[in-house]
Each structure stands twice: as structure tokens, then as C-alpha cells.
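The chains referred to below are lettered A, B, ... by the order of the sequence lines, with proteins before strands, and numbering in each begins at 1.
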2 protein chains.
Amino acid sequence: MAETTRAVGHDELATLKLLALDGAIEGERKASCSTIADRLGASNQTASRRLQGLEEADMIDRDIVGDGQLLRITESGEQALQREYADYRRIFERSVGVTLTGIVTSGMGEGRHYITLPGYMKQFIEKLSYEPFAGTLNVDLVDESVRKRARLSAFEPITIEGWEDEERTYGPAYCYPASIVAGDSEYEPAHVIAPERTHHDEDQIEVIAPEKLRDVLDIDDGDEVSIHVAEQ
Amino acid sequence: MAETTRAVGHDELATLKLLALDGAIEGERKASCSTIADRLGASNQTASRRLQGLEEADMIDRDIVGDGQLLRITESGEQALQREYADYRRIFERSVGVTLTGIVTSGMGEGRHYITLPGYMKQFIEKLSYEPFAGTLNVDLVDESVRKRARLSAFEPITIEGWEDEERTYGPAYCYPASIVAGDSEYEPAHVIAPERTHHDEDQIEVIAPEKLRDVLDIDDGDEVSIHVAEQ
DNA sequence: ATTACTAAGCACCGAGTAA
DNA sequence: TTTACTCGGTGCTTAGTAA
């Protein structure tokens with residue numbers, strides 16, 4: 001396991017939130033310590049240290065360019081903000097689950113190949129308490145859900161460890177408990193499965209379950225399904 | 001104007017969030033410094049100080065009862081949390097406006113009386129840039145919107161000052177710019193108007209506009225309307 | 001103009017203690 | 001048990017300075 005990243009304090013998190021409000025999640029943003037200091041109500045030395053701290057904690061990437069710096073929030077920075085967001089949603093909303101919507105589609109059969117590998121399958125049985133059907137349900141997320149998908153990073157996933165054989169290494173994956181709704185039918189248990197290293201703005205999602213979801217839910221390519229990932 | 005309350009630091013805000021997660025917005029919650037200290041990852045002296053600070057800042061009410069304390073988040077405490085929540089919504093959602101839904105209803109004609117008083121009317125014309133129709137549209141909010149209504153407190157309102165004549169005093173009110181949707185019609189400009197001191201869980205809302213909304217939107221008692229309060 | 005180092009001051013933290 | 005005070009020690013903040 002890699003060295004766990006240095007934790008950030010609440011002051012640093014507030015600085016990170018400020019950068020996020022400027023759009024530093026979507027891409028690089030130019031800023032200077034003094035402008036940040038003004039908005040924080042602190043000295044620019046403090047702003048400088050906050051940014052250094054966030055960089056040390058791997059929450060931002062920085063390029064110092066003479067008349068300021070180019071800042072970008074990293075994936076773990078976004079996750080920290082998503083966790084905060086989830087807290088506030090839990091405070092002010094009834095439920096904090098995430099419901100993702102999309103269209104059933106045919107993947108390239110990769111999912112089937114990977115999940116049936118013994119190195120993964122053994123962990124599924126142990127950690128998910130069922131033996132998954134040998135295939136994944138691929139779902140093309142609608143635009144709104146592509147964005148909502150990032151909320152998953154605020155949840156505590158079930159971690160499937162990576163492993164390796166003589167030929168190559170197989171990366172870790174995260175599983176999120178979910179229920180799948182299609183029309184009037186709902187199926188549980190199921191899990192959203194995602195590789196540890198996921199691209200930003202991923203527009204597809206894969207689901208595993210003990211049975212063949214296409215059969216038990218009577219769905220096929222082009223049908224709409226909802227994937228409800230439960231709180232905790 | 002009353003003495004503006006002492007500002008809270010980010011550490012204190014995090015403590016307030018913790019209490020909110022325990023449900024201290026809805027009602028009184030029992031807690032002790034040591035349990036809070038554990039969850040904060042700090043000493044109970046620090047927890048004690050945080051609670052003192054939050055009380056000083058008028059964000060919580062406390063009753064110390066020997067084997068702990070009874071804590072309740074005040075309205076300004078909830079507002080501070082709503083402002084944070086609004087920040088995170090702005091980061092992760094496309095829009096941070098609030099859309100409230102409800103049913104048109106007949107008020108008791110109080111609104112009409114108050115808004116036509118010269119002490120208020122003069123300010124409306126000056127601050128809203130229109131002369132309101134002499135009456136308010138009363139809307140009974142649906143349950144979900146009763147809760148969402150609290151989000152308004154995160155927005156910057158247009159403040160209508162209170163005043164007094166020989167007989168009595170008239171309290172201040174807040175106006176929030178809004179557009180009103182009924183069926184396929186949308187009307188703008190309009191403002192949600194709320195007295196400064198509002199009860200928790202208020203289930204009705206009043207709207208003013210330059211024209212008689214019942215006429216221009218062709219609505220009557222029992223019709224559903226949406227009130228979109230814009231960002232900023 | 002930047003960022004960031006160093007050093008002085010001060011505010012915060014937590015142990016001990018009292019009520 | 002509690003909460004909250006006092007009091008050292010420490011670490012954070014800011015001013016000044018360098019690059």
C-alpha cells in the first residue's frame with residue numbers, strides 16, 4: 001500500500017474549496033498568492049503555505065510561472081470536496097444515495113474476461129458474498145449522470161485488490177453496492193465496479209450481480225436503467 | 001443594527017457540521033465534549049472551546065446538564081451551513097438556484113395590506129426597480145419545497161428596512177429575485193418576500209411582481225406553480 | 001511583479017486542576 | 001462523571017527578506 005497522503009486541515013480544505021469555486025476542478029486556473037490571500041482574509045505568506053500544504057497532500061498540482069501559478073485540483077482533491085459535499089447533502093437532504101441513469105449497451109466483452117479471472121473472482125465471492133454472473137452489464141450514462149458519477153468517490157468502496165501473474169499485472173478495482181431498476185422491476189444485490197484509476201468524465205459504468213441482469217430484469221440494448229448506489 | 005456576531009473559524013464550522021450530522025438542526029441533541037473530541041480527533045478541552053466559540057457566535061444554544069450538554073443549532077448556525085452547502089452545490093452542480101413548487105392559495109389579504117404601506121412601497125420601487133401590484137401571490141409549498149425553502153437563507157437578499165409610525169413598528173423583510181412558472185408561461189421579474197424573522201418549516205411563501213400574477217399567468221387557487229429563485 | 005524562506009510573536013493546544 | 005479554568009509548550013502566523 002502506498003504511503004497514505006498527508007491529511008489536510010480545515011483551513012486548507014477551505015482554500016481548496018475556493019479554488020474549486022474558481023473552476024480548478026475542470027482545468028488549470030491561474031492565481032496568485034495575494035489574490036487568494038485577500039479572499040481568505042489572510043496574509044499572502046499564509047496563502048503560499050496553504051497551497052504548499054495542498055500540494056504536499058496531493059490535492060492540487062501547481063506550475064509556478066513567475067507572475068503567479070497555474071493550479072489544478074487533483075482527483076484526491078476532488079474526492080475530499082465530494083466527501084464534504086456528501087456530508088452537507090446528508091444534513092440537508094433526505095437521502096444521500098446516488099441514482100445514475102443510463103442506457104443498456106453492449107460492451108466489448110472485456111468485463112466478462114476480467115471478472116472471471118480467479119484472482120478477482122475469489123475476492124468477489126469473499127467480499128461481495130456472492131459469485132457474480134460471468135459478465136458485466138454496461139450502461140451508457142446520460143449526461144447528467146456522467147457528472148453525478150463523481151459522487152461515488154465520496155462513498156466507501158469495497159476494494160478488490162490488484163494482483164499479478166507471470167505475464168502482467170491486474171489493477172485494483174472498487175465495488176459500490178447498488179440496486180438496479182428497469183421499468184417496474186428492481187434487482188438487488190448488485191455492484192457498480194470501477195477500476196481504481198478511472199478517467200475523468202467517464203460516461204460508461206459496469207455492473208455485476210449474481211444473476212444475468214439482462215434476463216432477470218428483461219432488458220436489452222437501448223433500454224433505460226437506473227442504478228441506485230446506496231448511502232454507505 | 002445589532003452587533004454583528006463573531007465570525008467562526010473553519011475548525012468551529014467543522015464542529016458545527018458534526019452536530020448537524022447528528023441532527024442538531026431538527027432539535028436538541030445530547031452530547032459530551034469527550035465524544036465530540038473523539039470524532040474531531042482532538043482533546044476534550046479543544047472540543048469544549050469549540051462549543052464555547054460556537055455559542056459565542058450564536059450558532060448553537062446549549063444547556064449544560066452535568067453529564068453532558070444539550071445542543072441545538074440556531075438559525076444563524078443553519079444559515080452558515082446552508083452557505084457552505086450552496087458553495088458545494090455551485091462546485092458540483094450546474095446551477096445553484098432553488099426551484100420551489102406549490103399550490104396557489106388565497107391568503108388572508110394581509111400581504112396586500114402590508115406591501116401597500118408607503119414605508120414599504122417606497123423601498124420596493126427603489127430597490128426592486130418596479131412598483132409591485134397591490135397584492136401578494138400566496139403559494140402553499142409541497143413538502144419537499146418546505147425543506148428546500150431553507151436554502152434561501154444562503155442567498156444574498158434585497159433587504160427592505162423596517163420602520164415605525166406613531167402606532168406600531170413594522171419589521172424588516174427580505175426579497176429574493178425570482179421567476180414564476182405556471183404551465184407553459186413564465187413571468188419575470190418577481191420577488192419572494194419573507195419577513196426577517198421567519199418560523200422554521202414555513203409552508204407558505206408570498207410572491208410580489210409588477211403585475212397581477214393571477215391574471216398574467218392565468219392561474220387560480222389550486223393551480224401548481226414553480227418559483228425559481230436565481231443564483232445570486 | 002511573483003514565491004518562499006527565516007525569525008519573532010502570538011494564538012492555539014492539551015495536561016492538570018477545580019467545581 | 002461532567003465543563004471549563006490556568007498555564008506551559010508548540011506550532012502557526014505574519015513581517016521582513018531573498019531570489
Side-chain angles (χ1 to χ4, degrees), chain A residues 4-20 22-24 27-74 77 80, chain B residues 4-20 22-24 27-74 77 80:
Chain A
T4 180
T5 56
R6 165 188 175 297
V8 294
H10 297 122
D11 290 333
E12 284 164 321
L13 198 67
T15 310
L16 188 67
K17 193 186 77 176
L18 203 87
L19 299 177
D22 282 350
E28 219 154 41
R29 285 291 176 281
K30 178 98 171 287
S32 82
C33 286
S34 48
T35 58
I36 292 171
D38 284 349
R39 293 209 276 159
L40 288 174
S43 70
N44 38 6
Q45 292 90 327
T46 293
S48 173
R49 261 182 302 102
R50 294 276 153 80
L51 294 176
Q52 286 175 55
L54 287 170
E55 188 179 32
E56 260 183 66
D58 194 36
M59 301 233 166
I60 59 172
D61 288 332
R62 298 200 295 164
D63 285 319
I64 291 158
V65 293
D67 70 329
Q69 40 197 308
L70 297 170
L71 302 167
R72 216 175 73 85
I73 293 177
T74 64
Chain B
T4 180
T5 56
R6 166 187 176 294
V8 292
H10 296 122
D11 290 332
E12 284 164 322
L13 198 66
T15 310
L16 187 67
K17 194 186 75 177
L18 203 87
L19 300 176
D22 282 350
E28 219 155 39
R29 286 292 177 279
K30 179 96 170 286
S32 81
C33 285
S34 48
T35 58
I36 292 170
D38 283 349
R39 294 208 276 158
L40 287 175
S43 69
N44 38 8
Q45 291 91 326
T46 294
S48 173
R49 264 193 302 260
R50 294 277 152 80
L51 294 176
Q52 287 175 56
L54 287 169
E55 187 179 32
E56 258 182 66
D58 194 37
M59 301 233 167
I60 59 172
D61 288 333
R62 297 201 294 165
D63 285 319
I64 291 158
V65 294
D67 70 330
Q69 40 196 308
L70 298 169
L71 302 167
R72 217 176 72 86
I73 293 177
T74 63

request  = Using the test side-chain contact (heavy atoms from CB on, under 4.5 Å), find all partners of A20(B) that sit at least two apart in sequence or belong to another chain.
outcome  = I91(A), I25(B), I73(B), L81(B)
query = According to a strict under-4.0 Å criterion, is S32(A) in side-chain N/O contact with OP1 or OP2 of dA1(C)?
reply = no
key: I64(A) CD1 to dA1(C) C1', straight-line distance once rounded to whole Å   = 15 Å
task = Please name all residues satisfying side-chain contact (heavy atoms from CB on, under 4.5 Å) with D61(B), sequence neighbours left out, ordered by chain then number.
result = R72(B), T74(B)
Test item: L71(A) and I36(A) side chains (from C-beta on) under 4.5 Å apart, heavy atoms = yes
task = Could you state the atom-to-atom distance from CD of Q52(A) to C1' of dT2(C) in whole Å?
result = 14 Å
query = Nearest to the side chain of S34(A) - dT3(C), dT2(C), dA4(C)?
reply = dT2(C)
query = Can you name the residues that form a side chain to side chain donor-acceptor pair (under 3.5 Å) with S34(B), not counting sequence neighbours?
reply = S32(B)
key: Separation of atom CG in D63(A) from atom C1' in dT2(C), rounded to whole Å   = 15 Å
remark   = Students should find that the end-to-end axis angle of the helix from dT2(C)-dA19(D) to dA19(C)-dT2(D), with five pairs defining each axis and rounding to 10 degrees, is 40°
key: Start and end of the DNA chain D segment that chain A contacts, any atom under 4.0 Å from a heavy atom   = dT13(D) to dG16(D)
Short N/O separations, protein against nucleotides 13-17 of chain C, under 3.5 angstrom:
{"from": "dC13(C)", "atom 1": "OP1", "to": "R50(B)", "atom 2": "NH2", "distance (Å)": "2.6"}
{"from": "dG14(C)", "atom 1": "OP2", "to": "S43(B)", "atom 2": "N", "distance (Å)": "3.3"}
{"from": "dG14(C)", "atom 1": "OP2", "to": "S43(B)", "atom 2": "OG", "distance (Å)": "2.9"}
{"from": "dG14(C)", "atom 1": "OP2", "to": "T46(B)", "atom 2": "OG1", "distance (Å)": "2.3"}
{"from": "dG14(C)", "atom 1": "N7", "to": "R49(B)", "atom 2": "NH2", "distance (Å)": "2.9"}
{"from": "dG14(C)", "atom 1": "O6", "to": "R49(B)", "atom 2": "NH1", "distance (Å)": "3.1"}
{"from": "dA15(C)", "atom 1": "N7", "to": "Q45(B)", "atom 2": "NE2", "distance (Å)": "2.2"}

note = By side-chain contact (heavy atoms from CB on, under 4.5 Å), T46(B) pairs with (sequence neighbours left out) A42(B), S43(B), R49(B), R50(B)
message = Between C1' on dT2(C) and CD on Q69(A), what's the gap in Å once rounded to a whole number?
response = 9 Å
message = Which residues pass the side-chain contact (heavy atoms from CB on, under 4.5 Å) test with A14(B), not counting sequence neighbours?
response = H10(A)
ask   = If we only count heavy atoms from C-beta on, is the I60(A) to T15(A) side-chain gap below 4.5 Å?
value = no
task = State, to 0.1 Å, how close C33(B) and Q69(B) come at their nearest heavy-atom pair, and which atoms those are.
result = SG-NE2, 3.5 Å
task = Tell me, please, which residues at least two apart from R62(B) pass salt bridge (Lys or Arg N to Asp or Glu O under 4.0 Å).
result = E55(B)
remark   = R39(B) meets the salt bridge (Lys or Arg N to Asp or Glu O under 4.0 Å) criterion, sequence neighbours left out, with D22(B)
query = Looking at side-chain heavy atoms only, is the closest gap between L19(A) and L51(A) below 4.5 Å?
reply = yes
